[in-house]
K.L.:
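Let me begin by handing over the structure; questions about it come next.
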Amino acid sequence: MKSGLTLYKAHFQLTGRCNLACRFCGQAKGMLASSRREELSSPEWLRCADELKCAAERSGHKPEITLWGGEPLLYPEFDLLAETLCRQGFSLSIVTNGTLLEQHSQVIAEYFEKIFVSVEGGRAEHDATRGAGVYDRVRAGVKSIRDRRGKLTLLCTVSDLNVDRLAELPESLLVLEPDGIVLQPLIYLSGTEVEQYRNFSRADFQCDYPELAAWRRDDGEAYQEKLAAGLEQLAKRNYPVPVQFTPHCHPELPAPVQCQLPLHHVHIRHDGEVGFCTDFFGFSAGNIRKESLAGIFRNGRAEAFRRAQKNGELPICSHCPWCRQ
């Protein structure tokens, strides 16, 4: 399998801290215990970036980095880091809740090719999910980057709070003048799947992942019925910008295709732990404070994870909406 590895993409999770406590967020429910003292320094991130760039150039790819968190704009050296990475030739993306865009508008507008901002609909839906007054801060932030060079995509999480208005959600987001909209249903796991993954982690990787319980849901039938009805209406509508729905795996959908991320992508947590998935943590192939990124990407733990994922041994992977994209 190692002969097919070509590392050229990375998610840099700059921080686990966030200035919001969204009702549906797995991180807010304990998936990511964090503290500022654990965060990698800017020189440490730049060392990782240098290794990524060398690996990408060897395979003929342009290196790509997505900055996220927590809320990445809380990282104290964000502006300097983003400017440096852009000038070094990286294709930069960011995933943000949008509340701090105004303070960093010049950097975001100038250096990022892709800007993903989380918005759950209009003011009522968004503030019900993320807190009173948040929508207006996001709208002001988006307005401040109107002259951006990158594309703005709004990420709309579909939950119990807005699933009744699924087909109307894109229309409520158009006022923010996005280049595209992605509707993302929440990923839910059954109690059995949570325990299966924890058992696998303990047996094969000698680690546990109790925080996965934040994704557990065993009563989603009503939600799924509303989601199905909303999708029927969504298919009948036309919007002036591309609207993408990322389907969560359910019995009525075809089996997901083989995930390619472990073959060319790493997810580096704010504390230096390296894995392959941005949604599920727990597993780590190593820490960049102790090993090189290239070494971690090709070590035995990384290979064991790839084999397990390829063989269908990871129950959480069957729920991933992104491997269908």
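Note that these values count all heavy atoms, side chains included, but never hydrogens, waters or copies made by symmetry.
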K.L.:
Got a donor-acceptor contact below 3.5 angstrom from the Asp50 side chain to the Leu46 backbone?
P.N.:
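No, Asp50 side chain to Leu46 backbone: no donor-acceptor pair under 3.5 Å.
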
K.L.:
How long is the straight-line distance from CD of Gln196 back to CG of Leu212, given to the nearest 0.5 Å?
P.N.:
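The CG atom of Leu212 sits 11.0 Å away from the CD atom of Gln196.
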
K.L.:
How long is the gap from OH on Tyr111 to CG on Leu67, to the nearest 0.5 Å?
P.N.:
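One finds 13.5 Å between OH of Tyr111 and CG of Leu67.
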
K.L.:
Begin with the C-alpha distance, continue with both residues' side-chain angles, and end with the deciding distance and a verdict on side chain to side chain contact (heavy atoms under 4.5 Å, CB included) for Ser42 and Tyr75.
P.N.:
CA-CA 10 Å; Ser42 181; Tyr75 187 70; 4.3 Å; yes

K.L.:
Quick one about Asp271 and Asn287 (side-chain donor to acceptor, distance below 3.5 Å, no hydrogens or angles considered), yes or no?
P.N.:
no

K.L.:
Between Thr192 and Glu195, is any side-chain donor less than 3.5 angstrom from a side-chain acceptor?
P.N.:
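Checked: Thr192/Glu195 side chains show no N/O donor-acceptor pair below 3.5 Å.
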
K.L.:
Under a 3.5 Å threshold, yes or no: a donor from one side chain and an acceptor from the other, between Thr15 and Glu39?
P.N.:
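Glu39 and Thr15 do have a side-chain donor-acceptor pair below 3.5 Å.
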
K.L.:
List the steps and the verdict of side chain to side chain contact (heavy atoms under 4.5 Å, CB included) for Cys18 and Asn97.
P.N.:
CA-CA 9 Å; Cys18 188; Asn97 63 35; 3.7 Å; yes

K.L.:
Establish, for the pair Arg269 and Phe12, whether the NZ or CZ atom is under 6.0 angstrom from the six-membered ring centre and no further than 45 degrees off its axis.
P.N.:
no

K.L.:
Less than 4.5 Å apart, side chain to side chain, heavy atoms only: is that true for Glu38 and His270?
P.N.:
yes

K.L.:
Would you give the length of the straight line joining atom OG of Ser93 to atom CZ of Phe116, rounded to the nearest 0.5 angstrom?
P.N.:
5.5 Å

K.L.:
Below 6.0 angstrom between ring centroids: does that apply to Tyr223 and Tyr188?
P.N.:
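Centroid separation for Tyr223 and Tyr188: below 6.0 Å.
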
K.L.:
Would His265 and Phe276 count as a ring-ring contact (aromatic ring centres under 6.0 Å, His included) if you check the C-alpha gap in whole Å, the side-chain angles of each, and the deciding distance to 0.1 Å?
P.N.:
CA-CA 6 Å; His265 163 274; Phe276 299 108; 7.8 Å; no

K.L.:
Test side chain to side chain contact (heavy atoms under 4.5 Å, CB included) on Gln106 and Ser144 and set out the steps.
P.N.:
CA-CA 9 Å; Gln106 183 175 350; Ser144 73; over 6 Å; no

K.L.:
Any side-chain heavy-atom pair from Ile94 and Pro72 closer than 4.5 angstrom?
P.N.:
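Touching, per the 4.5 Å side-chain cut-off.
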
K.L.:
Sorted by first residue and then second, give each side chain to side chain donor-acceptor pair (under 3.5 Å) pair with at least one member in residues 167-178; sequence neighbours left out.
P.N.:
Glu168-Arg237, Glu171-Arg237

K.L.:
Testing Leu52, Leu293, Leu14 for side-chain contact (heavy atoms from CB on, under 4.5 Å) with Ile268, which one passes?
P.N.:
Leu293

K.L.:
Are Val134 and Arg139 close enough, and set up right, to give a side chain to side chain contact (heavy atoms under 4.5 Å, CB included), and what steps lead you there?
P.N.:
CA-CA 9 Å; Val134 173; Arg139 186 168 182 175; over 6 Å; no

K.L.:
Does the plane of the ring in Phe205 sit parallel, tilted or perpendicular to the ring in Phe305? Use 30° and 60° as the thresholds.
P.N.:
tilted

K.L.:
Would you call Glu303 and Arg298 a salt bridge, taking side-chain N to carboxylate O under 4.0 Å as the test?
P.N.:
no

K.L.:
Answer yes when Asp127 and Arg137 have at least one side-chain N-carboxylate O distance shorter than 4.0 Å, and no when they do not.
P.N.:
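Salt bridge absent between Asp127 and Arg137.
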
K.L.:
I'd like to check Val274 versus Phe297 (side-chain heavy atoms, cut-off strictly below 4.5 Å). Are they in contact?
P.N.:
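Not in contact.
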
K.L.:
Evaluate the side-chain proximity of Phe78 to Ile108: yes if any heavy-atom separation is below 4.5 Å, no if none is.
P.N.:
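Yes - at least one pair of side-chain heavy atoms lies under 4.5 Å apart.
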
K.L.:
Look only at the side chain of Glu120 and the backbone of Thr157, and say whether a donor-acceptor pair between them is shorter than 3.5 Å.
P.N.:
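Yes; at least one donor-acceptor contact below 3.5 Å.
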
K.L.:
In terms of side-chain geometry, is the basic nitrogen of Glu110 or Arg149 positioned less than 4.0 Å from the acidic oxygen of its partner?
P.N.:
no

K.L.:
What's the spacing between Ser284 OG and His267 NE2 if we round to 0.5 Å?
P.N.:
11.0 Å

K.L.:
Does this structure show an ion pair linking Lys236 with Glu232, if we count only N-O contacts that are shorter than 4.0 Å?
P.N.:
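Salt bridge flag = no for Glu232 with Lys236.
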
K.L.:
Could you note down all residue pairs passing salt bridge (charged side-chain N to carboxylate O under 4.0 Å, His left out) where residues 93-104 supplies at least one of them, sequence neighbours left out?
P.N.:
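For residues 93-104, and leaving out neighbouring residues, there are no salt bridge (charged side-chain N to carboxylate O under 4.0 Å, His left out) pairs at all.
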
K.L.:
State the OG1-CG distance between Thr99 and Leu101, to the nearest 0.5 angstrom.
P.N.:
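Those atoms lie 7.5 Å apart.
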
K.L.:
Got a salt bridge between Arg217 and Asp160, using NZ or NE/NH1/NH2 to carboxylate O under 4.0 Å?
P.N.:
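Salt bridge: yes.
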
K.L.:
Drop me the distance from Gln260's CD to Lys9's NZ, to the nearest 0.5 angstrom.
P.N.:
10.5 Å

K.L.:
Can Glu125 and Asn162 be counted as having a side-chain donor-acceptor contact under 3.5 angstrom?
P.N.:
no

